[in-house]
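To keep things clear, I will list the structure first and then write my remarks on it.
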4 protein chains.
Amino acid sequence: MQRTDMLEKTRALIDAARAAGATIVHAPITFAEGFGELSDHPYGILKGVVDSTAFVKGSWGAEIVDAVAPHEPFTNAVAPQPGDIVVEGKRGLDAFATTNLDFILRARGITTIALGGFLTNCCVESTMRTGYEKGYQVVTLSDCVAATSAEEHDNAIRFDYPMFSTPMSAEEFTGSLAGERAPV
Amino acid sequence: MQRTDMLEKTRALIDAARAAGATIVHAPITFAEGFGELSDHPYGILKGVVDSTAFVKGSWGAEIVDAVAPHEPFTNAVAPQPGDIVVEGKRGLDAFATTNLDFILRARGITTIALGGFLTNCCVESTMRTGYEKGYQVVTLSDCVAATSAEEHDNAIRFDYPMFSTPMSAEEFTGSLAGERAPV
Amino acid sequence: MQRTDMLEKTRALIDAARAAGATIVHAPITFAEGFGELSDHPYGILKGVVDSTAFVKGSWGAEIVDAVAPHEPFTNAVAPQPGDIVVEGKRGLDAFATTNLDFILRARGITTIALGGFLTNCCVESTMRTGYEKGYQVVTLSDCVAATSAEEHDNAIRFDYPMFSTPMSAEEFTGSLAGERAPV
Amino acid sequence: MQRTDMLEKTRALIDAARAAGATIVHAPITFAEGFGELSDHPYGILKGVVDSTAFVKGSWGAEIVDAVAPHEPFTNAVAPQPGDIVVEGKRGLDAFATTNLDFILRARGITTIALGGFLTNCCVESTMRTGYEKGYQVVTLSDCVAATSAEEHDNAIRFDYPMFSTPMSAEEFTGSLAGERAPV
């Protein structure tokens, strides 16, 4: 996060994209207290989520980060800008798998999506892979993502992102919004 | 609704099912004010939803009916009983299509689902068809559903429900919970 | 089938649609001999399929009907016209649920689909409902479908089709291809 | 492939799994000649598929490799062992996305899947991620997969596989079949 300054870059990119008429979609992962939506015997990364009681609705862990969406702290009453969309239902890693994301994008005629967030090789990568599989033009914003190690981050961007997306920097993407170059 | 007394039957059935250890899942359809999740040019039944500004979050139309879930009226702060699950993300008619319903059922090892609600031949039928397609043992509760006409209700139950479910009355289902007979 | 002359109407409509540049997609339901793809304890309409050993690959029951697709009889080697697409994988009733239909339509930029086939209130209706849910402009061809009774056919078209599609006759649809009127 | 001897290990593992009563599922990627199922303007890895005319039905590239499934060469008439299942419809990378794989697994009551194949960080990884998201107990067979470089292979197994699966060697998995240890 420090190396790429991803939060500040994401904030600036969102502002530019909003100004250019893009739809901003937030896809937070949240759980009811007690994690009743999950198996009693989770494994893999969702076990880590349960063990650390992360992302519980109404708690700090479920908040959208201040840099990205202004909101009332600790209320979970997210207040993105008018016109923004908060996708509901995310309980796994892939932002498409258990949500109405695809439904909303299709209803609005959106065919290009640009992805940022955490982790480079977890939620962002799963969402990228499924978005590609669904036929979207997927852009990955290589300095608006971060991982738990620089190595994981670098490997995902180097090896996996080009198979399922058009990777570019925030600067390149913002430039493309202004018509300087096509994003894909 | 009057003919079958479906609300009262549903309330009683939910109590019995809870007592027997079943998971109660609510799947309300809701929209942000302005219906930004939908196309600007909806058709079919979602056009009717938009034209009548039905199911808007925070309004009466998005509330879960009193008979089924105790809650603070007009706050949209649904408060089902502890252990109940409120599925998020329903913007269409099929309760599986844009939600985490399948994810939650699978995580909890649930393989039999019993369906009630509105309309017999719209949301309930779409959910029944998809539930069947996904391999669930689907029970349809023939007197816990209702439609906009008796004819539509009767036709759906007579012709379509047996293809994709095991239809039964609330009394039959409740009896099966007590071990009197197997539900499917 | 006799009342609507649906096979001949379908054949003529397909020819007209091909000539107008539409993509013709066949979505046959087939099973390996022994129905290993299904549960040992099917229920509902798939139980009827297994009990009657319908739709077995390589048998007459899995053939695409002569009126619609020229092919070598009894070989299951379907030979639709060049450019036609035969969707693979259909083991249930909904033509989207277990196939690459959505993938292909999206890859080709197709957003309007016109449905015909059997049964009015089974496969066609399930496909219509899911197509609507996925945001397609769905046209149902009311005289290019048929059911096991006139009553089921009529009820589905009268009550369910208008909720999830724009129903029209083959003649109306063919006219719209020629620019006489918009299909949706 | 040479380092892990993955083909021979896969062949032996399949024999042992068949003997233990497991269901063997083949999920080949294939395309009609001309790639009509894809966009005229593919990008990412599917562009590579089109540019190299890989995986065309009836050609060598669509054959299942000899080591895994005995078949008549160059006929594309795959003849796996009786009881094996060949999943149809795979046109993308994720073996679940456009196929009946989930339908078949659910119908047969299968909840644990063990994955091998190509590429470690492409098809196998996408399938692993979606299988995890769908609630399967996913085992990844770390020496029954291979990639286009040792680095990509190693990174995927080191960083991504543990988040979405229980990685193990062919030997460990085969041992677990014999009851020596539980696979997950």
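Residue numbering restarts at 1 for every chain, and letters A, B, ... go by the order of the sequence lines.
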Check ion pair C/Arg129-C/Glu125 (N to O, under 4.0 angstrom): yes
Residue, of D/Pro42, D/Ala32, D/Gly89, D/Gly34, that accumulates the most heavy atom pairs under 4.5 Å with chain C: D/Gly89
Pairs of heavy atoms under 4.5 Å with chain C: top-ranked of D/Lys90, D/His41, D/Arg91: D/Arg91
Residue pair C/Thr98 / C/Gly92: nearest heavy atoms and the distance that separates them: OG1-N, 4.2 Å
Contacting region of C/Leu46 [heavy-atom separation from chain D under 4.5 Å]: side chain
Chain D interface, residue from C/Ser39, C/Gly109, C/Gly83 that has the most non-hydrogen pairs under 4.5 Å: C/Ser39
Polar contact flag, side-chain donor to acceptor under 3.5 angstrom, C/Lys57-C/Thr30: yes
Basic-acidic side-chain contact under 4.0 Å: C/Arg18, C/Asp84: yes
